[in-house]
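Numbered from 1 within each chain, the chains take letters A, B, ... in sequence-line order. Atom set for the values below is all heavy atoms of this structure, side chains included, hydrogens, waters and symmetry mates excluded.
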Number of protein chains: 2
Amino acid sequence: MSIDKKEHIMDVAVTLFAEKGFEGTSIRDLAHEADVNIAMINYYFGSKENLFVTLLEAKARFMREKIDAVQSDPSLSELDKINQIIDGYINRFLSQPAFHRVLQQELLVTNRELLHQSVTALFIKNTQDIVAIIEKGIRKKVFRKVDPQLLFASIIGTINQVMLSRTMCNILMNKEVDADPYKDPELKNRLTKHIKQMVQDHLLIQPVLQKQK
Amino acid sequence: MSIDKKEHIMDVAVTLFAEKGFEGTSIRDLAHEADVNIAMINYYFGSKENLFVTLLEAKARFMREKIDAVQSDPSLSELDKINQIIDGYINRFLSQPAFHRVLQQELLVTNRELLHQSVTALFIKNTQDIVAIIEKGIRKKVFRKVDPQLLFASIIGTINQVMLSRTMCNILMNKEVDADPYKDPELKNRLTKHIKQMVQDHLLIQPVLQKQK
DNA sequence: AAAATTTAATTAAACGTTTGTTTAATTCAA
DNA sequence: TTGAATTAAACAAACGTTTAATTAAATTTT
């Protein structure tokens with residue numbers, strides 16, 4: 001039962017941190033929402049900050065594995081790899097909007113240095129790998145001489161922008177203000193289509209046939 | 001002297017909020033950093049939250065005026081308008097990275113409803129205007145049938161991504177980790193060039209001559 | 001113009017809450 | 001019966017805000 005309880009606390013913590021931020025979420029809120037005693041959080045995790053780091057490490061592995069897999073697959077073209085990574089990010093971010101929001105917050109706030117650094121470290125490796133793929137495509141002359149780092153920033157940034165605020169996302173999607181856009185498959189479709197098309201238009205020297213009849 | 005002091009407090013507040021977030025910045029920190037008495041903040045602004053709203057309203061006018069001006073200029077093509085808006089956003093964001101970071105934080109955190117709503121409202125109008133410009137270009141058949149909302153998300157999102165974290169930006173720019181990338185004109189140049197090129201590749205039916213000799 | 005009076009600015013101290021954390025006692029399972 | 005799980009209560013510290021007193025500036029009255 002203790003392991004279930006620990007994971008239950010982590011689940012609730014992700015949601016609360018996502019809604020209210022790290023500072024904005026009190027241990028008492030968290031304990032009440034998870035229906036456990038206040039002392040249990042420090043009992044399990046030592047401290048509030050350590051709870052956060054645990055959350056981070058537990059959930060951050062997925063995207064790295066995805067990138068590693070794509071990168072070492074020789075049957076994929078560079079554009080295929082980029083497209084699969086785009087799919088990976090969209091799936092990842094949309095399936096865990098709460099957690100993703102917490103990550104963003106920690107990147108924005110710099111006074112909790114440990115947290116900030118561990119989140120930053122996650123992004124560094126991903127950036128390097130994707131830049132390497134793009135640069136390889138450029139050397140092969142299947143890609144134009146684009147700015148690899150900033151193109152990656154555009155891919156991630158587009159998703160981040162949509163994830164920034166539920167309200168904002170609803171406005172972008174022309175939905176009611178109180179809808180839950182992240183569960184709507186339409187968002188995923190539009191987002192995937194838009195990013196892939198934009199990246200392709202920007203990258204490819206020989207534009208592929210556009211299906212616009 | 002009181003007006004100077006009020007503005008001085010606001011200046012310090014923007015910086016501190018940007019570094020530590022809204023919850024993470026205490027009135028005592030702020031008072032100490034601004035070298036005023038703790039009570040002066042409530043004396044001038046009523047409350048901490050109201051100080052934030054005041055900050056918002058005082059600084060948010062610029063971008064709206066820029067968009068309004070561009071929109072009503074008949075001598076500009078749709079692509080010109082988009083390009084000028086891109087310039088506007090890049091100038092705005094890069095010149096006030098601290099303030100911009102506070103805005104992002106408030107979009108991410110939803111438990112301070114008043115602040116969240118007032119920040120969201122700012123973005124709504126801007127989105128609508130830019131979408132309208134893109135849609136006009138599509139009707140005129142100078143633009144492809146793109147996703148206007150998500151293209152706007154890509155433009156803003158790219159800049160936001162770079163602004164997310166000083167450390168991350170330095171990595172993207174291949175600078176030392178402790179550099180100040182936002183004062184580096186190279187970032188502005190790269191960012192402007194990349195976004196305009198990407199948007200153009202994505203939007204234009206007849207690709208203009210690429211200067212890649 | 002000087003003095004008196006009113007208003008605004010500024011201060012130190014205290015307010016009541018809430019914060020994250022700890023303690024010491026108790027319940028539960030092995 | 002031993003060790004882990006769980007609890008209520010208390011901890012000191014920090015929070016945003018308020019108060020009541022004091023200084024500075026402005027206004028009015030003499």
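Distance B/His8 NE2 to C/dA9 P: 17 Å, rounded to the nearest Å. Put simply, CG on A/Leu16 is 12 Å from P on C/dG20, counting in whole angstrom units. In this structure, the NE2 atom of A/His32 is 16 Å from the C1' atom of D/dA8, given to the nearest Å. Here D/dA14 presents its C1' atom at 13 Å from NZ of B/Lys20, a figure rounded to the nearest Å. Between the CE atom of A/Met40 and the P atom of C/dT23 there is a distance of 17 Å, rounded to whole Å. Taking atom CD1 of B/Ile38 as the reference point, atom P of D/dT18 lies 14 Å away to the nearest angstrom. Between B/Arg28 atom CZ and C/dC15 atom P the separation is 14 Å, expressed in whole Å. Across the protein-nucleic acid pair, B/Asp4 atom CG and C/dA9 atom P stand 13 Å apart, rounded to whole Å.
The shortest side-chain heavy-atom distance between B/Met168 and B/Gln161 falls under the 4.5 Å cut-off. Under the 4.5 Å side-chain criterion, counting only non-hydrogen atoms from C-beta, A/Lys196 is not in contact with A/Ile82. Contact check for B/Ile138 versus B/Arg144: no side-chain heavy atoms found under the 4.5 Å cut-off.
For the residue pair A/His194 and B/Ser154, a side-chain donor N or O sits within less than 3.5 Å of a side-chain acceptor on the partner.
Within residues 45-54 of chain B, the residues approached by DNA chain D to less than 4.0 Å at the level of any non-hydrogen atom are B/Ser47, B/Lys48, in residue-number order.
OP1 or OP2 of C/dT10 has at least one side-chain nitrogen or oxygen of B/Lys5 nearer than 4.0 Å. In this structure, B/Tyr44 does not reach the C/dA9 phosphate: none of its side-chain N or O atoms is under 4.0 Å from OP1 or OP2. Contact between the side-chain N/O atoms of A/Ser26 and the OP1/OP2 oxygens of C/dT19 is found at a separation under 4.0 Å. A sub-4.0 Å separation between OP1 or OP2 of C/dA12 and a side-chain N or O of B/Asn37 is present. OP1 or OP2 of D/dA5 lies within a sub-4.0 Å distance of a side-chain N or O belonging to A/Tyr43. Close to D/dT17, at under 4.0 Å from its OP1 or OP2, lies a side-chain N or O of B/Asn42.
In this structure, the separation between CZ on B/Arg190 and CG on B/Leu172 is 7.5 Å, given to the nearest 0.5 Å.
By the neighbour-count criterion of 12 heavy atoms within 6.0 Å, atom NZ of A/Lys188 is sparsely surrounded, having that number or fewer from other residues, nucleotides or ligands.
Between B/Ile159 and B/Tyr89, the closest heavy-atom pair is CD1-CB, 3.7 Å.
Taking the side chain of A/Ala39 as heavy atoms from C-beta on, and the options D/dT19, C/dT22, C/dT21, the nearest nucleotide is C/dT22.
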